[in-house]
Amino acid sequence: MRIYNDLTRRKEELIPQQENHVTVYVCGPTVYDLFHLGNARPFVVYDTLRRYLLYKNVEVTYVQNFTDIDDKMINRAQALNITVKQLADEMIKEYYHDADNLNVMRADYHPRATETIPEIIEMISILEEKGYTYILHDGVYFDTSKFADYGKLSRRDLDDQEAGASERVELLDDKRNLSDFVLWKLKKEGEPAWESPWGEGRPGWHIECSAMSKKYLGDTIDIHAGGMDLMFPHHENEIAQSEAANGKPFVNYWMHNGFINVDNVKMAKSGGNFFLVRELAGEYGYDVLRFFILQAHYRMPLNFEEEPLMAATHGWQRILRSVENIEFLIANANPEFDQTQSAELSDYIITTIKEFERAMDDDLNTPDAFAAIFNLVRHVNIVSTDYALSADSLEKARNCIVELCAVLGLDAEKKAEAEIPADILEQVKLRDQAKAERDFVTADRIRDELNALGYKIEDTPQGPKVSREVEN
RNA sequence: GGCACCAUAGCCAAGUGGUAAGGCAGGGGUCUGCAAAACCCUUAUUCUCCAGUUCAAAUCUGGAUGGUGCCUCCA
């Protein structure tokens, strides 16, 4: 599999340090509020990467942190008159609610910054011993000028940055360099704090990821992922800290996803132009949101709009209906089937899987992966209307669609699993009798009644097909 | 001021040297008692524009235009 590595700005073959075992660290949410669609993109995208690696029988150790202590946490907790810990516990619960429904697998480790304090302090101490830090009145700082490779990920030249930015960015305070950042913030009145060699305080933002990554995955990890906006300064700073402290490369492959925009402007809490996943799910359903995210390539900007959301709704329905239709055909399969066409369908399935894997192997090209699935859907629809297919080949087609969707974290069986109650089936039978007697008034009345109850009847060459409309 | 990214049909979106995937929407049709689903036809001689390289460019190079992001919390 090739992935685009932001460190080299090229697609590279993914070669993990340990054969057949990939370590992944994804920057998780700051748990001060429900997350919005833009926040959801990395969760869904890197979950899909994980699922695909698992599908390829590659072992994955996956870490996604919770940032549960920072200014936003403190401010929100104060506003709600609860402790920071209470806020974090509550919001982590809410995170799981949305993430589980988006079918984002739980990470192998979901560390919290506040539960990694000893490791953070240890790392700062090492940096201090090695001479990378200095102390100001409000905390311990990292001196970026001491780290020769600073800027290698985001390709920034510190002097140029400072020259132009000084017009609009506040002055350096007492920092030695504009890009220097705080490792340990000394306690201010009313803030949660932990003991440390530098006095009571709390970790700066960047150090937590370095410490948690090291704690669970070691000095050098295979993949570190997050949103584009984290590339600088967050990930740049992580590299500086980790490599300065560990003396080893921090990350082999950096992956960054593009933003979700609203009217072509980045969706952000601070911009006020955000849509919570919780709210959107009520309108479109979690599956559709996941489908929507994955129908664009993860590095491209994705504009949030009504029409594409509806397109995602209908596109996903097309797949669900196809699975449902195939299952109906299997249940009513004719023992006298067309051998040539059945064999040909089996071949087409193999082609589909190849196309799907080719797409996914190419830097997680999920739009192309969907195209492969849709091609199979159309193919099955075409041959199954003209020929009787073997139950075996139909089953393979059904399983192929379901399995490939599952790799993308989408459950295409959900709808089909809904049981139809006996009394509904009884009504369907009555309608069929009325139809046979050409009593279409009665037949249509029954159909309308069942529609009102949420059941859909479709007449097919194999007889009436009844299905339940699935709510989101 | 610096550093990046994006520009493909009505909409969304792949494709990065070999003659424009896929989804949605629209129009027409087949099937149906009527529907639904499905299928067929139709929708970009062309990929923001201008030059250049090449037998060949949406794809490479240079330039222009428009839009966005980061440099401050940020997925």
Side-chain angles (χ1 to χ4, degrees), chain A residues 6 9 11 26-30 35-46 70-72 151 154-170 178-179 205 225-234 236 256-261 264-271 291-292 295-297 299-303 305-319 321-322 324-325 328 355 359 362 365-375 377-378 380-386 435 438-440 443-444 447-448 451 456-461 464-465 467:
Chain A
D6 278 303
R9 306 277 159 100
K11 284 184 196 171
V26 178
C27 281
T30 300
F35 62 84
H36 61 65
L37 228 216
N39 298 316
R41 172 121 91 151
F43 305 153
V44 166
V45 162
Y46 304 118
D70 81 332
D71 289 348
K72 287 198 294 283
S154 54
R155 318 259 163 125
R156 279 156 207 260
D157 180 275
L158 293 181
D159 295 334
D160 289 350
Q161 296 279 131
E162 292 187 20
S166 60
E167 295 168 12
R168 38 179 295 279
V169 175
E170 73 282 6
L178 182 71
S179 52
W205 175 35
M228 281 294 303
D229 47 0
L230 297 183
M231 193 143 106
F232 189 91
H234 186 54
E236 202 69 71
H256 294 97
N257 57 276
F259 300 128
I260 290 184
N261 297 151
N264 292 311
V265 177
K266 177 187 176 187
M267 181 184 292
K269 288 255 171 64
S270 55
F291 183 99
F292 175 74
Q295 53 85 35
H297 185 85
R299 284 192 284 112
M300 293 296 133
L302 209 202
N303 214 26
E305 279 178 77
E306 173 83 19
E307 199 179 341
L309 249 326
M310 286 313 294
T313 304
H314 294 147
W316 177 230
Q317 275 173 2
R318 177 170 165 83
I319 291 175
R321 270 199 302 261
S322 145
E324 196 183 67
N325 289 340
F328 184 77
E355 283 298 299
D362 182 18
N365 192 335
T366 51
D368 266 359
F370 274 122
I373 295 172
F374 276 113
N375 282 334
V377 165
R378 181 164 32 77
V380 175
N381 287 338
I382 291 170
V383 289
S384 65
T385 48
D386 290 344
K435 255 186 62 178
R438 304 193 68 77
D439 177 3
F440 296 119
D444 288 352
R447 185 169 63 189
D448 289 344
N451 276 347
K456 197 168 88 177
I457 302 181
E458 297 164 67
D459 294 318
T460 78
K465 172 168 161 308
S467 57

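Chain identifiers are assigned alphabetically (A, B, ...) following the order of the sequence lines, protein sequences preceding nucleic acid strands; residue numbering begins at 1 within each chain.
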Sugar-phosphate, base or nothing in reach of A:G226, heavy atoms under 4.0 Å: sugar-phosphate

B:G28 to B:U46 separation - C1' atoms, rounded to the nearest Å: 25 Å

Nucleotide-resolved protein contact map, nucleotides 6-17 of chain B, B/S/- at heavy-atom distance under 4.0 Å: ----BSSSSS--

Most 5' of A:M310 and A:G38 on RNA chain B, judged by nearest nucleotide: A:M310

Distance (rounded to the nearest 0.5 Å) between A:N325 CG and A:R318 CZ: 10.5 Å

Inter-nucleotide P distance (B:A35, B:C41), Å rounded: 23 Å

Short side-chain to backbone donor-acceptor contact, A:E324 and A:S467, under 3.5 Å: no

Length of the line joining A:L230:CG and B:U72:P, which is rounded to integer Å: 14 Å

Stems formed with participation of RNA chain B [Watson-Crick or G-U wobble, under 3.5 Å, three or more pairs]: B:1-7 with B:65-71, B:10-12 with B:22-24, B:26-30 with B:38-42, B:48-52 with B:60-64

Inter-nucleotide C1' distance (B:C12, B:U45), Å rounded: 24 Å

Whole angstrom value for the distance that separates C1' of B:C71 from CZ of A:R155: 16 Å

Rounded distance (nearest 0.5 Å) linking atom CD1 of A:I373 with atom CD of A:E355: 12.0 Å

Euclidean distance for P, B:U16 against B:U59 (whole angstrom): 12 Å

Sugar-phosphate, base or nothing in reach of A:K72, heavy atoms under 4.0 Å: sugar-phosphate

Euclidean distance, A:F232 CZ relative to A:H256 NE2, rounded to 0.5 Å: 12.0 Å

Sugar-phosphate or base contact per nucleotide [nucleotides 33-42 of chain B; S, B, -; heavy atom under 4.0 Å]: BBBBSSSS--

Pairwise C1' distance for B:A9 and B:U42, with rounding to whole Å: 13 Å

Sugar-phosphate, base or nothing in reach of A:L309, heavy atoms under 4.0 Å: nothing

P atoms of B:A57 and B:C49, separation to the nearest Å: 15 Å

Counterpart residues, ring pair (Phe, Tyr, Trp, His ring centres under 6.0 Å), relative to A:Y46 (two or more places apart): none

Spacing between A:N257 atom CG and B:A75 atom P, to the nearest angstrom: 11 Å

Rounded distance in Å - CG (A:N261) to C1' (B:C5): 11 Å

Sugar-phosphate only, base, or nothing, as touched by A:V45 at under 4.0 Å among non-hydrogen atoms: nothing

Nearest heavy-atom neighbours spanning A:A296 and A:P367: C-CG, 3.6 Å

Pairwise distance NE2(A:H314) to CZ(A:F291) - rounded to 0.5 angstrom: 11.5 Å

Short side-chain N/O contact to B:A25 OP1/OP2 from A:H314, under 4.0 Å: yes

Expected output: side-chain A:N365 to main-chain A:D368 donor-acceptor under 3.5 Å: yes

Separation of atom CZ in A:F370 from atom P in B:C24, rounded to whole Å: 12 Å

Salt bridge (charged side-chain N to carboxylate O under 4.0 Å, His left out) partners for A:E458, two or more places apart: A:K456, A:K465

Sugar-phosphate, base or nothing in reach of A:F374, heavy atoms under 4.0 Å: sugar-phosphate

Sugar-phosphate, base or nothing in reach of A:G271, heavy atoms under 4.0 Å: nothing

Residue pair A:R378, A:N381: steps toward the side-chain hydrogen bond (donor to acceptor under 3.5 Å, both in side chains) verdict: CA-CA 5 Å; A:R378 181 164 32 77; A:N381 287 338; over 6 Å; no

For the student: nearest non-hydrogen atoms of A:F292 and A:P308, plus distance: CE1-CB, 3.8 Å

Whole-Å C1' distance, B:U43 and B:C24: 13 Å

Nucleotide B:A4, atom P - distance to NE2 of A:H234 in whole Å: 22 Å

Earlier contact from the 5' end, RNA chain B, for A:M267 and A:A312: A:A312

Distance in angstrom units between A:Y46 OH and B:A75 P, rounded: 13 Å

Length of the line joining A:M228:CE and B:G69:C1', which is rounded to integer Å: 7 Å

Selection from B:G2, B:A75, B:A4 that lies nearest to any side-chain heavy atom of A:R156: B:G2

Separation of the P atoms in B:G17 and B:C6, to the nearest angstrom: 15 Å

Set of residues satisfying ring pair (Phe, Tyr, Trp, His ring centres under 6.0 Å) with respect to A:H234, sequence neighbours excluded: A:W205, A:H206

Between CZ on residue A:R155 and CZ on residue A:R9, distance to nearest 0.5 Å: 4.5 Å

Nearest non-hydrogen partners of A:F328 and A:T460, listed with the distance: CE2-OG1, 3.2 Å

